[in-house]
Amino acid sequence: MRVLVNGGGVAGLTLAYWLRRGGFEPVVLERSPHGRLGGYGMDFFGTGYDVARRMGIIDRLEADQLPVDSVDFVDTSGRAWARLDAPLLDRVIKGPHLGLMHTTLEQALLEAVRDDVEIRFGESVEGVRLVRGGVEADLASGGTEAFDLLVGADGIHSLTRELVFGAEERFARYLGCRLASYPVPDRYHLGRIRAHYTEPGRQTVVHPTGRADELVALFLFRSSNGGAVPRQERRDLLRSAFSGMGWITPALLADAPASEEIFMDTMTQIVMPSWHRGRVTLVGDACGSMTMLSAQGVSMAMGGAYLLAEALRGEREPERAFDRYERRMRGEVARRQHTARAFTRTLVPATRPQLVLQRAVTRTITREACAPVLRRRFGTGSVLAERAEPPTGWRRRMWRLPIGLFRAGLGWMVPHRMMLLTHTGRSSGRARQAVIEVVAREAGSVVAASGFGKGADWYRNVLKTPEVTIQIGGHARPAVAVPLTVEEGADVMAAYAGRHPAAARRLCALMGFDDVLDFRQIGERIPFVRFSARR
């Protein structure tokens with residue numbers, strides 16, 4: 001199935017990666033000639049981190065973290081009056097997290113897909129027609145191409161959304177604030193901090209980028225006008241909005257590049273009644289922009305892309321997959337949008353009394369005792385199902401308790417849905433044992449599933465040495481292990497779910513499947529092994 005992904009940012013590249021792994025043929029269009037450039041720093045954790053880990057790019061991201069040890073709220077002299085340091089951030093997030101530039105993540109995603117996915121830079125969609133069984137897309141470079149599906153991953157100002165669903169103003173919720181950013185030389189010697197300086201109606205933020213002698217200057221300011229600002233007018237607007245502001249703001253404005261090189265946008269959320277129509281759907285900011293103030297936009301874009309690809313995998317009716325993806329994501333997006341709207345009102349106070357109140361609240365919530373409050377506010381958890389890892393420590397000992405019953409001759413006490421597998425270690429050559437669940441019984445054989453996936457030790461061992469011994473109850477016998485085909489696995493899982501629906505759902509959760517679409521489809525992706533009696 002050929003899928004057109006309009007937009008080569010975080011959402012588009014993540015989607016292309018997972019579509020390709022699912023057997024689709026994604027084609028990514030990115031209107032920038034060389035990919036996305038610029039941007040500002042972000043905290044990367046939760047859902048986004050989980051998706052990046054499953055993509056195998058965490059090591060790449062860790063190598064390019066921002067050199068930031070704390071978030072400092074400073075006065076006009078640069079003295080910190082409140083601080084969110086690394087230990088407190090660890091307590092807030094309670095999980096792995098990274099400080100990254102947007103471009104670092106986008107580059108890592110590009111490296112992950114560019115050898116397997118067709119990416120056309122300097123290209124975009126200019127017209128869309130919904131036709132039977134697919135879409136026809138008019139391209140900016142000329143010509144028309146047919147695709148089975150179209151996914152708009154082209155950001156808050158999505159042209160895909162405008163072409164298929166209607167004008168942006170129908171869905172935009174402007175939060176009364178603008179932002180602008182650009183890199184500047186590091187002549188301020190602030191060190192490894194992200195500094196925030198606030199006056200009524202405006203805020204200046206500065207942080208290092210990881211490049212030698214470079215900082216990013218980020219400006220937030222209230223504005224009653226939510227319309228687009230022509231590129232040639234951006235520098236003048238920024239200097240006017242921040243005229244007379246304290247701290248190092250005048251020097252940062254003096255360092256501003258040409259107006260056309262300044263990134264500027266509005267704090268706007270996108271709220272839509274439906275994210276899909278026919279064979280077209282949206283992902284990321286195109287359908288659920290939360291603004292940078294949510295601290296979740298990038299993570300939710302990656303999570304949405306992952307779940308969309310999961311829903312499409314093996315589904316013959318894409319519209320059903322679009323429904324499942326949207327149901328899975330819509331509530332999560334709405335909650336984070338609500339948080340961001342509330343935070344906007346307090347981040348850039350409009351008046352001096354509000355600023356005084358903001359400082360008092362900030363001093364309070366940046367204390368260690370308030371970490372749970374911040375955790376609830378920013379929703380740091382992942383929306384993906386947690387993939388179980390093989391147990392360690394005392395949990396591993398508990399997991400292996402039934403082995404002791406078998407060894408003591410008490411196998412008859414173990415439910416007959418469980419069996420003792422004696423196999424050969426692939427490296428040591430020594431006998432190993434594991435207790436695994438029987439999911440199907442056949443004439444002269446039984447079938448078991450690797451709940452921890454293809455990485456489970458017993459599964460890897462029997463692939464190398466298929467001669468094993470199995471014991472169910474008090475009876476042990478030699479057997480040969482043979483992995484099932486994809487089609488056989490689908491049949492086994494469908495039958496197992498019919499007999500034991502609750503256990504089947506638990507197995508799916510254990511394997512990290514976020515949306516139980518069809519047990520046959522899930523069965524195609526679980527490693528099953530048939531153990532047949534040796535003759």
Side-chain angles (χ1 to χ4, degrees), residues 9 31-34 36-42 74-78 101-103 154-159 162 167-169 172-188 190 194-209 211 213-270 285 289 291-293 297 340 344-345 347-352 354-355:
R31 64 182 179 182
S32 169
H34 307 290
R36 310 243 174 133
L37 300 173
Y40 43 81
M42 63 180 182
V74 303
D75 59 22
T76 188
S77 67
M101 291 292 292
H102 272 72
T103 47
D154 42 348
I156 185 173
H157 305 299
S158 169
L159 181 57
E162 181 174 338
E168 180 175 311
E169 54 264 26
R173 177 189 286 154
Y174 178 52
L175 302 188
C177 194
R178 291 184 180 275
L179 72 144
S181 71
Y182 50 81
V184 296
D186 183 6
R187 23 176 154 259
Y188 307 101
L190 299 178
R194 187 175 81 204
H196 293 240
Y197 173 71
T198 307
E199 291 183 1
R202 52 193 184 175
Q203 182 177 116
T204 301
V205 183
V206 181
H207 65 79
T209 66
R211 296 181 179 178
D213 302 320
E214 183 182 73
L215 302 173
V216 161
L218 174 66
F219 302 90
L220 307 173
F221 59 104
R222 288 183 173 271
S223 172
S224 59
N225 177 15
V229 178
R231 285 187 172 274
Q232 64 273 17
E233 299 177 11
R234 292 179 178 180
R235 186 167 61 180
D236 288 342
L237 173 61
L238 196 57
R239 288 178 173 175
S240 173
F242 284 82
S243 176
M245 191 168 181
W247 192 44
I248 61 174
T249 307
L252 295 173
L253 294 172
D255 281 334
S259 186
E260 290 76 13
E261 299 175 23
I262 296 175
F263 171 78
M264 182 176 287
D265 208 342
T266 60
M267 293 287 191
T268 299
Q269 295 181 343
I270 298 297
D285 283 352
S289 170
T291 77
M292 63 167 286
L293 300 181
T344 302
R345 294 191 291 269
L347 180 68
V348 186
T351 65
R352 188 157 297 278
Q354 291 174 350
L355 179 60

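For the numbers below, each heavy atom of this structure counts, side chains included, while hydrogens, waters and symmetry mates do not.
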Criterion side-chain contact (heavy atoms from CB on, under 4.5 Å) on Arg202 and Arg222, from CA distance to verdict: CA-CA 6 Å; Arg202 52 193 184 175; Arg222 288 183 173 271; over 6 Å; no

Worked verdict on Val216 versus Phe263 for side-chain contact (heavy atoms from CB on, under 4.5 Å): CA-CA 11 Å; Val216 161; Phe263 171 78; over 6 Å; no

Candidate pair Met267 and Leu220, rule side-chain contact (heavy atoms from CB on, under 4.5 Å), full reasoning: CA-CA 9 Å; Met267 293 287 191; Leu220 307 173; 3.5 Å; yes

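Note: Trp247 and Tyr197 have tilted aromatic rings, judged against thresholds of 30 and 60 degrees for the angle between ring planes.
Inter-residue side-chain proximity for Asp213 and Pro185 is flagged as unmet; no heavy-atom pair is nearer than 4.5 Å. Residues Leu252 and Phe219 form a side-chain contact, since some pair of their non-hydrogen atoms from C-beta on lies under 4.5 Å apart. Within the 4.5 Å cutoff, the side chain of Asp186 has no heavy atoms near those of the Pro208 side chain. Tyr174 has its side chain within reach of Ser223: a pair of non-hydrogen atoms, C-beta onward, lies under 4.5 Å apart.
With Glu199 contributing its side chain and Gly246 its backbone, the two residues share a donor-acceptor pair below 3.5 Å.
Of all heavy-atom pairs spanning Met101 and Met42, the tightest one is O-CE, 4.3 Å. Ser289 approaches Thr268 most closely through the heavy-atom pair OG-O, 3.0 Å. Heavy-atom minimum distance, Glu162 versus Ala167: CG-CA, 4.3 Å. Nearest heavy atom pair, residue Gly201 against residue Val348, reads C-CG1, 3.3 Å. Here the shortest heavy-atom pairing between Leu355 and Pro200 reads CD2-CD, 3.8 Å. Across all non-hydrogen atoms, the minimal contact from Ile262 to Ala180 is CG2-CB, 4.2 Å.
Within 6.0 Å of CZ in Arg31 there are 12 or fewer heavy atoms belonging to other residues, nucleotides or ligands. By the neighbour-count criterion of 12 heavy atoms within 6.0 Å, atom CZ of Arg239 is densely surrounded, having more than that number from other residues, nucleotides or ligands.
Interatomic distance, CG of Leu238 versus CG of Leu179, reported as 10.0 Å (0.5 Å rounding). Put simply, CZ on Arg178 and CG on Leu175 are 12.5 Å apart, with the number rounded to the nearest 0.5 Å. Summarising the geometry, atom CG belonging to Leu218 is positioned 8.5 Å from atom OG1 belonging to Thr204; distances are rounded to the nearest 0.5 Å. Once rounded to the nearest 0.5 Å, the distance linking CZ of Phe221 with CE of Met245 reads 11.5 Å. Annotation: the span from Arg235 atom CZ to Tyr182 atom OH amounts to 9.0 Å, rounded to 0.5 Å. Here the OG1-CD distance, from Thr249 to Gln203, works out to 10.0 Å after rounding to the nearest 0.5 Å.
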